[in-house]
Peer 1: 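First, the structure itself, so that you have it in front of you.
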There are 2 protein chains.
Amino acid sequence: MTDSDLSDDLFLILPDGSDETPERATLSFRRSPTVLLTFASNRFTRAAARDYQDRFGLGAMDWRMLVMLTREPGSTVSHAARTIGIDKAAVSRSLHRLQQRQLATATAEGRDSRRKSWQLTDSGRALHDRILAHALERQKRLLSGFSETELRALTGYLARLLENIDGAFDDGPAGAGDQ
Amino acid sequence: MTDSDLSDDLFLILPDGSDETPERATLSFRRSPTVLLTFASNRFTRAAARDYQDRFGLGAMDWRMLVMLTREPGSTVSHAARTIGIDKAAVSRSLHRLQQRQLATATAEGRDSRRKSWQLTDSGRALHDRILAHALERQKRLLSGFSETELRALTGYLARLLENIDGAFDDGPAGAGDQ
DNA sequence: GCTTCGGTGTTGACATGACAACATCACCCG
DNA sequence: CGGGTGATGTTGTCATGTCAACACCGAAGC
């Protein structure tokens, strides 16, 4: 539970009377992982979305679906939504966009006319491969200066953060007797 | 330039004929920092936004502005926008929301009626302190299991990613003669 | 058989934030 | 002085993604 060996001071800017510090304690941007995480993610996804749109005419969502259908061909809407962790509505719209561009097709599965199994067309697979080359190149640029050891550490940390997110909100951090 | 000592295989799932792997090489979700980064950030910001809204009636944007104005009282719209790295339009709207709730006030600065210097009111500072306690608690939960050494490594990695983002898109990874 | 229940996919309404256009003002240079 | 230039802040418009509501189907339960 509360294995919080981390002190609040690690994340705060405390007033010390100088001009550099505020008059009241507040969050440090540079030392708070949550701030850095959202900064980095927002700027990256924004730039990536523009890039995908300019080069290939599809959004970041559609690219994720290309990867998803390459990874697990025959996925349904709800399965894809659960795997990527986004809303099924967005997945449904994305798949229909891909279908409209003939990048993906749906084949009925069983007698249930809704449960469709989706897969990429040949042109969808070709586009996937083209974008994949860009994505890999860009990711390598993003990781420029990282050694393989550092890379593994980073991915490990991010995975641990991901696992912790669920528990960070369940109880509600208010519980602790502040105020 | 290409100090990319990192192999593509680090980020890919390659087909090996088994059932676990796809028939075509594609991005690994668990080993790609960009994927993990956006996953973690999206899920965290979404949950945090809900939390802020439910508990305090303001969005994540407004909370960031509370921190910003605590950090540097007297900031202008454009200065805050540059510091946080988001659009000045969003900052302008957020500040007016705060003003409407009497959490922040603007005082004219010089004769330019547009350049206003913003600061928090007493109730704004009080709300900042209340939310700060929650944010710290939640961040500690998110970092549950991290040692102080690991924390420093993580923040350092994220800062390096942030610095690399600009260069990752400038030239355009497409450099090779498409377009 | 009929009904209830949970899961599925689709659609509409909404919030968020980015981009572009605009009015306004300070500044500078001719 | 007066026009150009750039910065500032505001507003409109759009894309993205979430939530809520709905229609639809399968599987049990009586």
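Note that this is a predicted model, so its numbers are computed, not measured. Chain A is the first sequence line, chain B the second, and so forth, proteins listed ahead of strands; every chain is numbered from 1.
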Peer 1: Taking only side-chain N and O atoms of A:R43, does any of them lie within less than 4.0 angstrom of OP1 or OP2 on C:dA18?
Peer 2: no

Peer 1: In this structure, is the centre-to-centre distance between the rings of A:W118 and A:H79 below 6.0 Å?
Peer 2: no

Peer 1: Please determine whether any donor N or O and acceptor N or O are separated by less than 3.5 Å between the side chain of A:R50 and the base of C:dG17.
Peer 2: no

Peer 1: Has B:S92 got a side-chain N or O lying under 4.0 Å from the OP1 or OP2 atom of D:dT10?
Peer 2: yes

Peer 1: Taking 4.0 Å as the cut-off, does a side-chain nitrogen or oxygen of A:R97 come that near to OP1 or OP2 on D:dT16?
Peer 2: no

Peer 1: What are the two closest heavy atoms between A:Q53 and A:G59, and how far apart are they?
Peer 2: OE1-N, 3.8 Å

Peer 1: Could you tell me how far apart B:R93 (CZ) and D:dC14 (C1') are, to the nearest whole angstrom?
Peer 2: 12 Å

Peer 1: If every non-hydrogen atom of B:L66 is compared with every non-hydrogen atom of B:G124, which pair is closest and at what distance?
Peer 2: CD2-O, 4.3 Å

Peer 1: When the ring centroid of A:Y52 is compared with that of A:H134, is the distance short of 6.0 Å?
Peer 2: no

Peer 1: Name the nucleic acid region contacted by A:R46, choosing base, sugar-phosphate or nothing; use a 4.0 angstrom heavy-atom cut-off, strictly under.
Peer 2: sugar-phosphate

Peer 1: Say whether B:I13 and B:F29 are linked into one hydrophobic cluster, either directly or through other cluster members, by side-chain heavy-atom distances under 4.5 angstrom.
Peer 2: no

Peer 1: Check DNA chain C against residues 59-80 of chain A and give the residues with a non-hydrogen atom under 4.0 Å, in numerical order.
Peer 2: A:T76, A:V77, A:S78

Peer 1: When all nucleic acid strands are considered with a 4.0 Å heavy-atom cut-off, which category describes B:A89: base, sugar-phosphate, or nothing?
Peer 2: base

